[in-house]
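Just below is one structure, and these are the notes that go with it.
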Amino acid sequence: MGQKMLMKGNEAIAEAAIQAGCRFFFGYPITPQNQIPEYMSKRLPKIEGGCFLQAESEVAAINMVYGAAGAGARVMTSSSSPGISLKQEGISYIVGAELPCVIVNMVRGGPGLGSIQPAQSDYFQSTRGGGHGDYRMLVLAPSSVQEAVELTQEAFDLADLYRNPVLVMGDGLIGQMMEPVEMPERKPRTDLPEKTWAATGWEPGCGRDRAIINSLYIDPAVLEKHVNHLYEKYAAMEANECRWQEEMTEDADYIIVAYGTTARIARSAMRKLREEGIRAGLIRPITLWPFPAAPIAAAAKHAKAILTVEMSMGQMVEDVRLAVEGAVPVHFFGRTGGIVPTVREIITQVETLAKGGH
Amino acid sequence: MAVVYEKTKLLTDKPLHYCPGCTHGIIHRLVAEAIDELGIQNRTIGIAPVGCAVFAYDYFNCDMMEAAHGRAPAVATGCKRVNPGNIVFTYQGDGDLASIGAAEITHAATRGENITVIFVNNAIYGMTGGQMAPTTLPGQVTTTSPYGRDPKLCGYPIRISEMLATLDGPAFISRVSVHDVKHILDAKKSIKKAFETQLAGKGFSLVEVLSACPTNWGMTPQESLKWLEQNMIPQYPLGIKKEVE
Ligand SMILES: Cc1ncc(C[n+]2csc(CCOP(=O)(O)OP(=O)(O)O)c2C)c(N)n1
Ligand code: SF4
Ligand SMILES: [Mg+2]
């Protein structure tokens with residue numbers, strides 16, 4: 001498979017996972033991500049060693065992921081906002097036990113049952129560690145179907161490399177839209193550590209220590225040491241895995257910060273603004289955690305203002321403000337509840353800034 | 001000199017943390033002996049619960065995983081699906097299995113998941129200090145039913161073995177007790193049978209073991225064994241509830 005195909009984002013993510021060696025999928029139906037489990041249920045049973053299982057709940061699904069990851073498999077689950085809330089306890093355990101896995105969240109409107117329309121209002125939950133305890137997770141936010149394919153595939157390597165779950169976060173649109181994609185078969189990175197820690201069967205003298213997949217450290221000093229060890233991994237992620245895309249920021253007076261689908265809309269707005277003679281630029285975080293604070297701070301040095309655009313009431317904007325440290329005003333524009341901001345709305349926001357408004 | 005009794009190699013040398021008179025230790029020993037006698041140490045994976053047996057991963061001398069409260073059957077499912085050649089067992093208390101984990105055990109059972117479940121029913125939440133469990137007997141005093149469990153207020157004890165035996169998925173379900181030597185020997189037979197069921201690929205097996213918690217029942221070890229026999233067994237009749245040939 002090297003040629004371009006027209007695929008729905010959700011199906012492309014599922015196929016990308018399979019091409020990256022994912023052979024186990026556990027999930028529970030919820031809109032707007034159902035095409036991921038549906039696709040997996042078709043494909044995995046036809047692949048040797050593959051298994052798709054519809055769990056009785058998201059709680060069960062994430063714990064099946066724990067068991068499969070603990071046994072050394074490449075494994076994935078997917079859900080949407082309410083289901084991801086239910087998975088949080090399991091995610092915290094997976095982090096604590098240092099198990100690799102990939103979790104997809106096709107975010108929909110909230111709080112509560114909310115809506116089934118696209119949203120970005122799970123940013124806090126995703127980047128602050130939605131479950132209990134001191135932890136972080138790599139959060140990858142694609143803005144096209146092709147990028148969703150690439151990031152999903154990479155997510156498996158990153159999970160294995162750091163022994164930590166990786167969250168692929170798409171607003172519902174990324175899952176629902178159809179775009180041409182190239183679907184490369186992707187061999188795992190060759191520098192990944194062997195999973196000598198996996199529970200696969202042990203007896204004395206078999207050449208490794210007895211495997212104990214566990215997140216309980218009853219002695220506070222030992223737990224603190226364990227958490228410090230986790231934070232060394234997070235420091236390495238911050239140093240090595242932070243990703244973003246910058247467009248026309250060098251001379252920009254107004255910098256729009258947006259991710260996912262919103263970034264595409266912001267890009268159209270930026271181009272129109274340039275046609276009008278307003279020097280706008282765009283920074284698109286690709287990793288939401290670690291957050292690309294450095295390029296935003298650098299761009300802020302010569303900009304007049306920053307506008308953060310989200311499909312939420314303003315969550316990422318807090319990270320933008322932390323990055324800028326008051327150097328320039330940081331404004332926010334957002335639509336929520338499943339409403340997608342328009343190009344016109346963003347243009348109006350920047351025009352108002354340019355006229356000295358806000 | 002002939003050895004008549006020795007430590008099974010399926011238990012580590014770590015001293016058990018259980019209270020004096022607690023029958024968790026006996027049940028550990030029975031499970032360990034069964035794994036040892038079946039010669040499956042090198043492919044057995046145990047899943048520890050949240051409850052007094054949370055440290056089971058330190059005691060069973062095989063690969064182990066520690067699950068979140070109630071989720072051991074889901075963890076076991078993931079593990080078994082990845083390596084169907086492994087023998088996977090969970091070890092769970094009654095709060096863990098019959099309350100917070102009621103969905104996970106029911107669905108693992110109805111899927112006929114080829115795993116073995118050791119279900120330790122002591123009619124109480126041992127680890128958290130003796131609160132009411134779904135299995136607490138009517139009238140039984142606990143720290144959250146200080147006037148005795150009132151079925152009008154909080155319902156009746158749940159009979160997991162009978163409930164799961166109504167499903168088509170399970171291959172072997174039995175309830176046993178460890179309050180005296182005769183019953184301990186019977187319990188051993190059932191536990192071994194449960195592992196054999198999995199080895200034969202027949203599907204889901206569960207052994208419910210009635211167990212004493214002298215600490216939280218507020219009794220001496222002897223009193224607690226007597227109480228178990230006189231009060232728990234009438235509520236939870238012993239015997240094989242389901243067996244698929
Ligand atoms: C999600 C969650 N809720 C509550 C607890 C607290 N908790 C720990 S053990 C336990 C009860 C265990 O009772 P049981 O399963 O009967 O095991 P026993 O200690 O009696 O052997 C509870 C409620 C927890 N660890 N996690
Ligand atoms: S509290 Fe009860 S179940 Fe727990 S170790 Fe003590 S006696 Fe055993
Ligand atoms: Mg109990």
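Order of the sequence lines fixes the chain letters, A, B, ..., with proteins taken first and strands second; residue numbering starts at 1 for each chain.
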(request) Answer yes or no: does atom NZ of A:Lys46 have more than 12 heavy-atom neighbours from other residues, nucleotides or ligands under 6.0 Å? (result) no

(message) So, applying side chain to side chain contact (heavy atoms under 4.5 Å, CB included) with A:Val166, which one of A:Leu158, A:Ile103, A:Asp157 is it?
(response) A:Leu158

(request) Against chain B, work out which of A:Ala69, A:Ala73, A:Ala60 has the most heavy-atom pairs shorter than 4.5 Å and name it. (result) A:Ala60

(message) Looking only at the side chains, is there a donor atom on one of A:Lys87 and A:Ser79 sitting less than 3.5 Å from an acceptor on the other?
(response) no

(request) Scan side-chain atoms only and decide if A:Asp122 and A:Ser81 contain a donor-acceptor pair under the 3.5 Å cut-off. (result) yes

(request) Sort out for me which of A:Gly70, A:Ser57, A:Ala68 touches chain B most, counting heavy-atom pairs under 4.5 Å. (result) A:Ala68

(message) Tell me which of these, B:Ala48, B:Ala67, B:Cys62, B:Ala76, has more heavy-atom pairs under 4.5 Å with chain A than the rest.
(response) B:Cys62

(request) Flag the pair A:Arg74 and A:Asp160 as a salt bridge only when some basic side-chain nitrogen lies within less than 4.0 angstrom of an acidic carboxylate oxygen. (result) yes

(message) Please classify the contact between A:Cys51 and chain B as side chain, backbone, both or neither, with a heavy-atom cut-off of under 4.5 Å.
(response) side chain

(message) Only heavy atoms, only distances under 4.5 angstrom. Which residues in residues 22-33 of chain B are near chain A?
(response) none

(request) Identify which part of A:Ala97 has an atom lying under 4.5 Å from any heavy atom of chain B, answering side chain, backbone, both or neither. (result) neither

(message) Checking side-chain polar atoms at under 3.5 Å, does B:Thr197 have a donor or acceptor matched by the opposite partner on B:Ser205?
(response) no

(message) With a 6.0 Å cut-off on the ring centroids, do B:Tyr59 and B:His17 count as close?
(response) yes

(message) Is a donor from one side chain sitting under 3.5 angstrom from an acceptor on the other, for B:Thr77 and B:Arg111?
(response) yes

(message) Taking every non-hydrogen pair under 4.5 Å, which of A:Glu89, A:Glu56, A:Glu203 racks up the most with chain B?
(response) A:Glu56

(request) Give, as side chain, backbone, both or neither, the part of B:Thr12 having an atom under 4.5 angstrom from any heavy atom of chain A. (result) side chain

(message) Quick check on A:Ile62 against chain B: is it the side chain, the backbone, both or neither that has a heavy atom closer than 4.5 Å?
(response) neither

(request) Determine whether the side chains of A:Ser41 and A:Gln54 contain a donor N or O and an acceptor N or O closer than 3.5 Å. (result) no

(request) Please check if atom CD in B:Glu37 has more than 12 non-hydrogen atoms from other residues, nucleotides or ligands closer than 6.0 Å. (result) yes

(request) Please look at B:Arg71 and chain A and tell me whether the side chain, the backbone, both or neither of the residue comes under 4.5 angstrom of a heavy atom of that chain. (result) both

